Amino acid sequence: MRSEIRSIPATVQPSDALISPFAFDNSYARDLVGMYAPVSPSPVPAPRLIKVNRALAADLGVDAGALESAEGVEILAGNRVPAGASPIAQAYAGHQFGGFSPQLGDGRALLLGEVIDRHGARRDIAFKGSGRTPFSRGGDGKSALGPVIREYILGEAMHALGIPTTRALAAVATGEHVRRETALPGGVLTRVAASHLRVGTFEFFAARDDRTQLQRLADYAIARHYPELASRADRYLALLQAVAERQAALIAQWMGVGFIHGVMNTDNMSISGETIDYGPCAFMEAYDPAAVFSSIDERGRYAYANQPGIARWNLARFAEALLPLIDADGKRAVALATAVIDDFPARYSAHFMRVMRDKLALDHAQPGEAVDALCNEFLSLLQQHGVDFTLGFRYLADAAAHNDERWLTLFDEPSDAQAWLQRWRAPVSLMAPEQLAQSLRRTNPVYIARNHLVEAAIAAAVADNDLQPFERLLDVLARPFDERSDAADYALPAPADYTAGYLTFCGT
Ligand code: AMP
Ligand code: MG
């Protein structure tokens, strides 16, 4: 396997475009020879632009108009390789639902290149659904348009919520059909990420006992994401700690908005701490710790409340991969790494309780057991009464301003809610009611990417070529904390039987 990757020459693919919308600077292709296979995107018959993300383009210093031009759309569909790109399929392995696959890799994705954004940060420009690569195995390397639109919406929703995430720069329809259970219109997503380094990237080289490549990879990851660690003697242990810290913060943020990733395999956990690979993900409606929507997650491994535990499990796999770098003495390496993994639950809890205190405007209250108990009681209350997770927090703002009604109607029986409200009033009484309400509205979104809205936007776009519901949903989700009188429907949950029967699928 090792020789297979190494034997592939690391030449840059020829480009047939003289100009490029992107000012590429491709460190992965340059510095990590042997960790990828050069590939070309597969041409498609009839590219049609679905959308360019103008705000993101501006952030990247990319001319959105150039992307929207006929030549730009050819580039976004994979029909032309822009000047300066060095398209590659990255090698990675991964634990999927607990079982190890030593070779996964970019089977339907490729890294076009990297750009430096307006803030000086290096960001990957990658395609998803751009055709076969040496890692495609039996797959066609393609993506259906539905999952492309889904990833676009979910990524933007998470970004607007302030949660680190990859984002869609563009979506195009390809004009060809991909064969799944039925024939579906195809699409290509252009994805922007801090990087596509995953836990699984490290597992790939660790599984091959390739210490040299492992170390190069770790040094690259440190230089790119954690440069402050580069000069430390214990930098590989510090890398593990830093990734654990970012994951603890990230998962706490997911939990705070009711996000269920759905397929937290180690190849879908990023080293940079961004949410990555939106497949069968979903936002929870009624609060239920056991909530799971993915059709392939039959045993609920990736259920809502399991996510912190799975993050720890994945980090343990990351730790195992790093062991040879952490200390030459194997026993000592294990002891050092184990301490980091054992510390993860406390690290996570600290983040989660901070998120909860923020959500309940308790961040100024005297921290301690009483405040933590109020948070936990609130969650129990939502669970017991099957209250919509998002609105349960959001409408508390009304109650804060002494207008209890909208909040209380979320509960089938209001007395428990009223009792909790009384207990909560004491620690938040330092703030004037309107100030308190405003604070709650700043931390609790009114709009999330509700499943029925996402599905309706996809269905209209794919079946009827109608992009209006997609555009409108994106517009509402771009400002999730601002309640709008013209978007009242977007705040409301789907009927409970819709949610009970709702299943998500991997975007393959
Ligand atoms: P995912 O579940 O999307 O994270 O994908 C897991 C692995 O399957 C990755 O190695 C993907 O590249 C590969 N894969 C998924 N879909 C396809 C496809 N249609 N063709 C080829 N490879 C695929
Ligand atoms: Mg993946």
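Numbers for residues simply follow the sequence, beginning at 1. Ligands are counted one by one from 1 in listed order, and the atoms in each one are counted from 1 as well. As the structure is a prediction and not an experimental result, all values here were calculated from the model.
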Student: Suppose we call two aromatic rings close when their centres sit under 6.0 Å apart. Are F202 and Y92 close by that rule?
Tutor: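 Between F202 and Y92, the centre distance exceeds or equals 6.0 Å.
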Student: Under 4.0 Å from any heavy atom of G141, which atoms of ligand 1 are there?
Tutor: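 Ligand 1 atoms under the 4.0 Å threshold to G141: 18 (C), 19 (N), 20 (N), 21 (C).
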Student: I'd like to know if D267 contacts ligand 1, where contact means a heavy-atom distance under 4.0 Å to any ligand atom.
Tutor: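 A heavy atom of D267 does come that close to ligand 1.
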Student: Is there a polar contact between ligand 1 and N268, counting only N or O atoms under 3.5 Å apart?
Tutor: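 Yes; the residue has a nitrogen or oxygen that sits under 3.5 Å from a nitrogen or oxygen of the ligand.
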Student: Counting each atom of ligand 1 from 1 as listed, which ones have a heavy atom of G139 under 4.0 Å away?
Tutor: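 By the 4.0 Å cutoff, the relevant atoms are 20 (N), 21 (C).
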Student: Is atom CZ of R179 surrounded by more than 12 heavy atoms (other residues, nucleotides or ligands) closer than 6.0 Å?
Tutor: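 No - once you tally the heavy atoms of other residues, nucleotides and ligands closer than 6.0 Å, there are 12 at most.
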Student: Does R180 reach ligand 1, in the sense of a heavy atom lying below 4.0 Å from it?
Tutor: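 Yes, R180 has heavy atoms under 4.0 Å from ligand 1.
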Student: Among the heavy atoms of Q96, does any lie under 4.0 Å from an atom of ligand 1?
Tutor: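 Contact check Q96 vs ligand 1: positive.
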Student: Which ligand 1 atoms are under 4.0 Å away from a heavy-atom of R137?
Tutor: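 Per the distance check, 7 (C), 8 (O), 10 (O), 13 (C).
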Student: Any atom of ligand 1 sitting under 4.0 Å from a heavy atom of G279?
Tutor: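 Distance cut 4.0 Å: G279 fails for ligand 1.
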Student: Is G107 in polar range of ligand 1, meaning some N or O pair under 3.5 Å apart?
Tutor: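 Yes; at least one N/O pair falls below 3.5 Å.
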Student: Quick one: does F205's side chain get under 4.5 Å of T212's, heavy atoms only?
Tutor: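 Result no, sub-4.5 Å side-chain heavy-atom pair not found.
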Student: Between F259 and Y304, does the ring centre distance come in under 6.0 Å?
Tutor: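 No - the distance between ring centres of F259 and Y304 does not fall below the 6.0 Å cut-off.
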Student: Might you point out which heavy atoms bring I251 and A311 nearest each other, and give the distance in Å?
Tutor: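 Closest pair (atom of I251, atom of A311, distance): CG1-CB, 3.9 Å.
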Student: Answer yes or no on whether R208 is positioned over the face of F204, meaning its NZ or CZ is under 6.0 Å from the six-membered ring centre and within 45° of the axis.
Tutor: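 Output yes; distance and angle both within limits.
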Student: For the pair D140 and R180, evaluate salt bridge (charged side-chain N to carboxylate O under 4.0 Å, His left out) and give the outcome as yes or no after the intermediate values.
Tutor: CA-CA 10 Å; D140 60 3; R180 295 298 178 258; 2.7 Å; yes
Student: Under 3.5 Å, is there a donor-acceptor pair linking the side chains of Y447 and T390?
Tutor: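 No pair is found: no donor N or O on one side chain lies under 3.5 Å from an acceptor on the other.
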Student: Could you go through the side-chain hydrogen bond (donor to acceptor under 3.5 Å, both in side chains) check for H261 and Q307 one step at a time?
Tutor: CA-CA 8 Å; H261 183 283; Q307 297 185 119; over 6 Å; no
Student: At less than 4.0 angstrom from any non-hydrogen atom of D277, what atoms of ligand 1 do you find?
Tutor: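 Checking each atom against D277, I get 4 (O).
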Student: What part of Y92, side chain, backbone, both or neither, has a heavy atom within less than 4.0 angstrom of ligand 1?
Tutor: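 Side chain only.
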Student: Can you check whether W313's main-chain N or O pairs, donor with acceptor, with R317's side chain at less than 3.5 Å?
Tutor: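 Yes.
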Student: Measuring from non-hydrogen atoms of G105 to any atom of ligand 1, is the shortest distance under 4.0 Å?
Tutor: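 It does; at least one heavy atom falls under 4.0 Å.
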Student: Mind telling me whether F100 and H95 have parallel, tilted or perpendicular rings, with 30° and 60° as the class edges?
Tutor: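 The rings of H95 and F100 sit tilted, inter-plane angle from 30° to 60°.
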Student: Which atom names give the shortest non-hydrogen contact between I125 and L111, and what distance separates them?
Tutor: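 Heavy atoms of I125 and L111 come nearest at O-CD1, 3.5 Å.
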Student: Mind listing the protein N/O/S atoms less than 2.8 Å away from the Mg ion (ligand 2)? Waters don't count.
Tutor: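 Sorted hits: N268 OD1, D277 OD2.
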